[in-house]
Amino acid sequence: MTTIDTHDQSHRQSVARRLLDSSETLSYDPVREVDWETPLDTAHHGASPEWSTLFGTSYWNEMTPEQQRELTRQEAASVASTGIWFEMILQQMILRDFYAKDPTDPAFQWALTEIADECRHSIMFARGAAKLGAPAYRPKRHVVELGRVFKAVAFGEAAYAAILVAEEVLDVMQRDWMRDERVAPFVRTINNIHVVEESRHMKFAREETKARLRGAGRLRKQVNALVVAIAAYHIVTSMVSDQVYANAGLDTKRALREAKANEHHRSMLRSSCAGLMEFLDSCGLLTRPATHFYKRANLI
Ligand SMILES: [Fe+2]
Ligand SMILES: [Fe+2]
């Protein structure tokens, strides 16, 4: 082992140890922390209205405040449901990544801690979506099947950078929602729990992405940059299901048309991803083909 490898290794271990300490100090049990008992008050939004896919469109302006709130509740439930879908993917990727590795390594123990966090998050999101009065929202069939392949084969920087993208996009929205008094209190608690625990996951995903890339050749980098961008595209475009509009009592065709052309929503996404894109660029993962997909997903 060279000196650099030893240095990398001890850096990774000290990061993992700090993450373990932090999670010991501040972690949540959503079963106890979230108010599941109080019935849903429909005077509340499910998300900050500015994050609605229709905010700023003429359709939005024609809607009653009740309809707007119903829409953001369905949208928040859809984002949570897509979150569950992705958390299942990432749990499997991390579990595969650490299969039969050294259990005395703090990174190994951190990986299992992160999987445990995600497991609690998914249950929390499932209960939250149900409380918001939403049906099961799932990505489109071909996206579900792509995810099935991705979670079975993605490795190294492709896995950790994809994890990072999903977590970062969610993070910015949830930071807004958790502070917003128009949002239902139980949703704010859910978002607060998620933001706190995910900040550790994002730290780990950044470290792992950088570490795995250190040994990667040009071709592998090019391929994985594209894989991550395609994964990001499908994650982001699956966040709000096409079905939310009908469930909020809206005309799906018109809603989809106006949401697609909604420049306000696109700029919210773009500005929330600025830091993430900077990071991917610094890692050499913002190749031209990858940038094409980030543009299509309105992340850049
Ligand atoms: Fe999570
Ligand atoms: Fe996470």
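Nothing here was measured: the structure is a model prediction, and the numbers come from that model. Indexing begins at 1, ligand by ligand and atom by atom, following the structure's order.
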Enquirer: With the Fe ion (ligand 2) at the centre, find the angle made by OE1 from Glu198 and ND1 from His201, to 10°.
Expert: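 That angle is 90°.
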
Enquirer: Between His194 and Phe125 (judged by ring centroids, cut-off 6.0 Å), do the two rings come close enough to count as a pair?
Expert: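 His194 vs Phe125: aromatic centres under 6.0 Å.
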
Enquirer: To the nearest 10°, how many degrees is the angle His121 ND1 to the Fe ion (ligand 1) to His194 NE2?
Expert: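 Rounded to 10°, it measures 90°.
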
Enquirer: Compute both the distance and the angle, then confirm whether Arg254 meets the cation-pi test with Tyr59: under 6.0 Å from the six-membered ring centre, within 45 degrees of the axis.
Expert: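 Yes, Arg254 and Tyr59 form such a contact.
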
Enquirer: Give a yes or no on whether Glu87 keeps an N, O or S atom under 2.8 Å from the Fe ion (ligand 1).
Expert: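 Yes, Glu87 qualifies, because one of its backbone or side-chain N, O or S atoms lies under 2.8 Å.
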
Enquirer: Is Arg206 positioned over the aromatic face of Phe279, cation under 6.0 angstrom from the ring centre and no more than 45 degrees off axis?
Expert: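 So Arg206 does make the cation-pi contact.
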
Enquirer: Relative to each other, are the rings of His45 and Trp60 parallel, tilted or perpendicular (30° and 60° limits)?
Expert: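 It falls in the parallel class, under 30°.
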
Enquirer: Run the side-chain donor-acceptor check on residues 286-298: report pairs under 3.5 Å with partners two or more places apart or on a different chain.
Expert:
{"from": "Thr287", "atom 1": "OG1", "to": "Ala290", "atom 2": "N", "distance (Å)": "3.4"}
{"from": "Thr291", "atom 1": "OG1", "to": "Thr287", "atom 2": "O", "distance (Å)": "2.7"}
{"from": "Arg296", "atom 1": "NH2", "to": "Tyr233", "atom 2": "OH", "distance (Å)": "3.2"}

Enquirer: Is Glu118 close enough to the Fe ion (ligand 1) to have an N, O or S atom under 2.8 Å?
Expert: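 Of the N, O and S atoms in Glu118, at least one lies under 2.8 Å from the Fe ion (ligand 1), which means yes.
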
Enquirer: What is the name of the N/O/S atom in Glu167 that sits closest to the Fe ion (ligand 2)?
Expert: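 The Glu167 atom nearest to the Fe ion (ligand 2), restricting to N, O or S, is OE2.
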
